[in-house]
Amino acid sequence: MGWLHELSTGWLAVVVLAASYVVAAAIFVVVMALAKGRRGDAFRAVSPGLLPPMGLLFGLLVGFLAAQVWSDSDRAQVAVDREASALRSVVLLSQAFPGEPEIRLRGLVRQHVEEAVRQEWPAMSRGDATLTVVPVALDRALQLAVALEPRSEGQKTAQREIVASVQNALDARRQRIILSESSVNWVKWLGVSLVGVLTLLAIAFVQSGNRLAAALALGLFASAMACSLVLIASQDRPFSGQFRIRPDLLQQVEPAKG
């Protein structure tokens, strides 16, 4: 599925629609070829009442998968927002320690943002980002914040807030890396695809007495099935595809050099 996530939504729709139509056409040809004599009578004896529950089951499966995909995407966006907000707080609070501490904290925040954009985002897009890699810049920023020597109550408060903000940024980073690995697994894809194919087969059985009606019904359901699968596949991974989450917010809070 990796190569599918790199396609634009238009090409993804073309691929999925083509696959759905090929499956529907194969079912149509096979069922119509077999719908003769006693087999044809058996096919036509399949109750049309079977179609609504099968369609409902397919719809429920699509709904569950869509809920998972959108929930993961929302949580990933919240993690990125929280990380950017925490880094912005570090930059603002560093002004309470003018001179070398402020310069170092701003430099470490800038280094973390640059590493996240250049290294972590491509890795998350591929789904191979890992928590084993320690964010060096944030680790150093935390050590620096803890080692600060406040000389007033205001600086003590600022130090506590800086430490809390760095820890918040670390936690948000962990969350976005974990969520970058989330996706619809192959069992779920197989399940929803099989239910869709079985529904197509049931439609072909019910309409086997009328070739034109069967072709129209199969084409309509295949189109609806393809649209549903494109909707899920286009947002399957929060940091991949055309609708992926980008590091724009982190870049916006990156301190300027100098």
Side-chain angles (χ1 to χ4, degrees), residues 1-74 125 127 181-244:
M1 293 290 293
W3 63 277
L4 282 176
H5 292 104
E6 301 303 322
L7 296 176
S8 66
T9 305
W11 279 111
L12 179 63
V14 169
V15 171
V16 177
L17 278 169
S20 300
Y21 290 149
V22 167
V23 172
I27 290 174
F28 175 82
V29 170
V30 171
V31 170
M32 293 304 158
L34 296 176
K36 298 176 181 178
R38 298 181 62 181
R39 279 196 302 265
D41 294 337
F43 290 170
R44 288 186 288 274
V46 175
S47 173
L50 181 65
L51 299 181
M54 293 190 70
L56 178 61
L57 177 59
F58 179 79
L60 287 174
L61 290 176
V62 169
F64 289 146
L65 294 184
Q68 173 195 329
V69 167
W70 291 335
S71 175
D72 289 344
S73 181
D74 290 342
S125 178
E181 300 176 356
S182 65
S183 62
V184 178
N185 62 51
W186 68 271
V187 176
K188 295 177 182 178
W189 279 120
L190 180 62
V192 72
S193 299
L194 284 177
V195 171
V197 170
L198 289 174
T199 305
L200 287 171
L201 191 60
I203 292 173
F205 286 160
V206 171
Q207 300 292 342
S208 58
N210 188 322
R211 297 175 69 89
L212 180 58
L216 290 173
L218 287 172
L220 286 172
F221 187 80
S223 300
M225 183 174 71
C227 291
S228 301
L229 296 180
V230 168
L231 180 66
I232 298 171
S234 63
Q235 303 178 64
D236 181 22
R237 293 180 180 173
F239 296 95
S240 300
Q242 185 173 351
F243 299 104
R244 63 186 178 275

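Computed from a prediction, not measured in an experiment: that's the story for all the values here. Both backbone and side-chain heavy atoms feed into the values below; hydrogens, waters and symmetry mates do not.
Partners of F28 under the ring-ring contact (aromatic ring centres under 6.0 Å, His included) rule, at least two apart in sequence or in another chain, do not exist in this structure. Listed by chain and residue number, nothing satisfies the side chain to side chain donor-acceptor pair (under 3.5 Å) test with S71 (two or more places apart in sequence, or in another chain).
Summarising the geometry, atom CG belonging to L216 is positioned 11.5 Å from atom CD1 belonging to I203; distances are rounded to the nearest 0.5 Å. Summarising the geometry, atom CZ belonging to R244 is positioned 13.0 Å from atom CZ belonging to R237; distances are rounded to the nearest 0.5 Å. Of the inter-residue distances, the one linking T9 atom OG1 with F243 atom CZ reads 3.5 Å to the nearest 0.5 angstrom. One finds the CZ atom of F43 at 9.5 Å from the CE atom of M32 (value rounded to the nearest 0.5 Å). For the atom pair CD1 of I27 and CG of L200, the computed distance is 4.5 Å after rounding to the nearest 0.5 Å. Atoms CZ and OG, on F205 and S47 in that order, are 14.0 Å from each other to the nearest 0.5 Å.
Of all heavy-atom pairs spanning A202 and M54, the tightest one is CB-SD, 3.7 Å. Shown here for Q207 and A217, the closest heavy-atom pair between the two residues is CG-CB, 4.5 Å. When all heavy atoms are compared, the tightest approach of G191 to L61 is O-CD1, 4.3 Å. Residues S183 and Q68 approach most closely at O-NE2, 3.3 Å, considering heavy atoms. Nearest heavy atoms, G209 versus R44: CA-CD, 3.7 Å. Of all the heavy atoms in V230 and A13, the pair that sits closest is CG2-CA, 3.7 Å.
Counting only heavy atoms from C-beta outward, the side chains of L51 and F221 never approach each other to under 4.5 Å. Using a 4.5 Å heavy-atom cutoff, the side chains of P238 and S182 are in contact. Counting only heavy atoms from C-beta outward, the side chains of W189 and I232 approach each other to under 4.5 Å.
Q242 and S8 share no donor-acceptor pair across their side chains, judged by distance under 3.5 Å alone.
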- Query: Would V197 and V23 satisfy side-chain contact (heavy atoms from CB on, under 4.5 Å), going step by step from the backbone distance to the final call?
  - Reply: CA-CA 8 Å; V197 170; V23 172; 4.0 Å; yes
- Please walk me through it: do L231 and W70 pass side-chain contact (heavy atoms from CB on, under 4.5 Å)? CA-CA 10 Å; L231 180 66; W70 291 335; 4.0 Å; yes
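Looking only at distances, a side-chain donor or acceptor of S240 sits under 3.5 Å from a matching main-chain atom of S125.
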